[in-house]
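Written below as structure tokens is the structure these notes are about.
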Amino acid sequence: MSGLVYVLIVVGVWISVGLLAAWWMARRGHRHWRWPVMGVVFGPFLALAASERVQRHPDLLSRTDSGAHGPGGLRVLVGVDGSAASQAALDLAVDLFGPYVETLVAAEVVGYDAAEDEHDPSIAAARSRLAALAERSGGRVTEYDVLSGPPAQALVGYAREQNLDLVVVGSHGRGLSRRLLGDVAHALVRQTAVPVLVAGGHPRPSGR
């Protein structure tokens, strides 16, 4: 084996291990762009640091009251991410459970790194999207919250802590992150702590 081939193999393994560590961290709530870059640069050293870095619990970053509680006894959490599918999930929760709901919480999950960086725009952007959805619901959303952590774990953990009865999510999310798509929706369905409803379809037209 020539020296050049050996160097290329070592570099390839170095980068691959680092990127796998960055991917593993993203699955556990650390989704900042800097982690893949650090994976390329630091390779296996990022993998060594990752296990300690991800030992965190999901956090509540922001809570906003937005409407009066309803006459029913049902307490529902809707996980949103700005996608059309998550808007459809909120519409379904309002249409299906509206008369029976006491509390309807809309929540978006951001990465842990957003909470650590005061200049990160993710939290403000999440609040803005949630406020727009709360207004769209016609006063049915009683509270909207921003959480940090892995999406499925954060939503289920928050639902358990707040004694909520049901979690509603869209069948797929937005962008390449696909935060409520596939594995996350499946992870929510597989857990047995809180019932989960996965909504498909499209959001209803505004004004209905």
Side-chain angles (χ1 to χ4, degrees), residues 27-31 54-83 85-112 114-115 122-123 125-173 179-201 203:
R27 292 289 298 271
R28 284 155 181 79
H30 295 273
R31 298 189 292 273
V54 300
Q55 299 303 316
R56 294 185 57 175
H57 297 287
D59 299 313
L60 171 64
L61 302 181
S62 172
R63 170 179 288 161
T64 305
D65 293 326
S66 61
H69 290 271
L74 190 63
R75 297 166 56 82
V76 178
L77 172 65
V78 183
V80 301
D81 66 353
S83 68
S86 67
Q87 290 181 24
L90 179 61
D91 291 344
L92 177 65
V94 168
D95 293 342
L96 196 58
F97 305 117
Y100 313 103
V101 165
E102 172 197 351
T103 301
L104 180 59
V105 181
E108 180 163 346
V109 184
V110 300
Y112 285 128
S122 301
I123 298 174
R127 284 198 196 103
S128 177
R129 285 190 291 267
L130 288 166
L133 285 176
E135 182 177 356
R136 172 190 174 85
S137 76
R140 296 295 186 89
V141 170
T142 59
E143 174 186 318
Y144 56 87
D145 303 332
V146 180
L147 314 174
S148 68
Q153 182 183 341
L155 291 171
V156 171
Y158 187 66
R160 293 179 65 182
E161 289 172 6
Q162 300 298 316
N163 295 316
L164 302 177
D165 301 306
L166 177 69
V167 177
V168 183
V169 293
S171 58
H172 57 278
R179 282 180 286 187
L180 295 180
L181 170 66
D183 337 348
V184 174
H186 291 164
L188 284 166
V189 171
R190 285 196 303 268
Q191 61 79 34
T192 59
V194 184
V196 175
L197 174 63
V198 179

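Note that this is a predicted model, so its numbers are computed, not measured.
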**Report entry** Pairwise distance CD(Glu143) to OG1(Thr103) - rounded to 0.5 angstrom
**Finding:** 7.5 Å
Query - Separation between CD1 of Ile123 and OG of Ser148, rounded to the nearest 0.5 Å - result: 7.5 Å
**Report entry** Flag side-chain contact, heavy atom, 4.5 Å: Phe97 against Leu166
**Finding:** yes
Report task. List the steps, then state whether side chain to side chain contact (heavy atoms under 4.5 Å, CB included) holds for Arg160 with Val194. Result -> CA-CA 7 Å; Arg160 293 179 65 182; Val194 184; 3.7 Å; yes
Query raised in the report: How long is the span from the CG atom in Leu90 to the CZ atom in Arg136, to the nearest 0.5 Å?
Result: 7.5 Å
Query raised in the report: For the atom pair OG (Ser122) and CD (Glu108), what is the distance rounded to the nearest 0.5 Å?
Result: 8.5 Å
Query raised in the report: Do Leu155 and Leu77 come within less than 4.5 Å of each other through their side chains, counting heavy atoms only?
Result: yes
Report summary line: Closest non-hydrogen contact found for Ala89 with Val168 is O-CG1, 3.7 Å
Report task. Enter the distance from Arg140:CZ to Asp91:CG here, rounded to the nearest 0.5 Å. Result -> 11.5 Å
Query raised in the report: Is the closest side-chain heavy-atom distance between Val141 and Leu133 below 4.5 Å?
Result: no
Query raised in the report: Would you call Arg129-Asp81 a salt bridge at under 4.0 Å N-O?
Result: no
**Report entry** Reported OG-to-CD distance for the pair Ser66 and Glu135, which is rounded to 0.5 angstrom
**Finding:** 10.5 Å
Query - Heavy-atom check, side chain of Leu147 versus side chain of Asp59, under 4.5 Å - result: no
Query raised in the report: Do we see a donor-acceptor contact under 3.5 Å between the side chains of Ser62 and Arg127?
Result: yes
**Report entry** Pro99 to Pro71 - nearest heavy-atom pair and separation
**Finding:** O-CG, 4.2 Å
Report summary line: Val109 and Gly149 have their tightest heavy-atom pair at CG1-O, 3.2 Å
Query - Flag side-chain contact, heavy atom, 4.5 Å: Val105 against Val78 - result: no
Query raised in the report: Should Val146 and Leu130 be marked as a side chain to side chain contact (heavy atoms under 4.5 Å, CB included) after you check the CA-CA gap, both sets of side-chain angles, and the distance that decides it?
Result: CA-CA 9 Å; Val146 180; Leu130 288 166; 3.8 Å; yes
**Report entry** Check: Asp145 and Tyr158 side chains under 4.5 Å, non-hydrogen atoms
**Finding:** yes
Query raised in the report: Any side-chain heavy-atom pair from Val76 and Leu164 closer than 4.5 angstrom?
Result: no
Query raised in the report: Less than 4.5 Å apart, any side-chain heavy atom of Thr142 and any of Val101?
Result: no
Requested in this report: Might you point out which heavy atoms bring Gln162 and Arg63 nearest each other, and give the distance in Å?
Outcome: NE2-NH2, 3.5 Å
Query - For the student: nearest non-hydrogen atoms of Asp165 and Gly73, plus distance - result: OD2-O, 3.7 Å
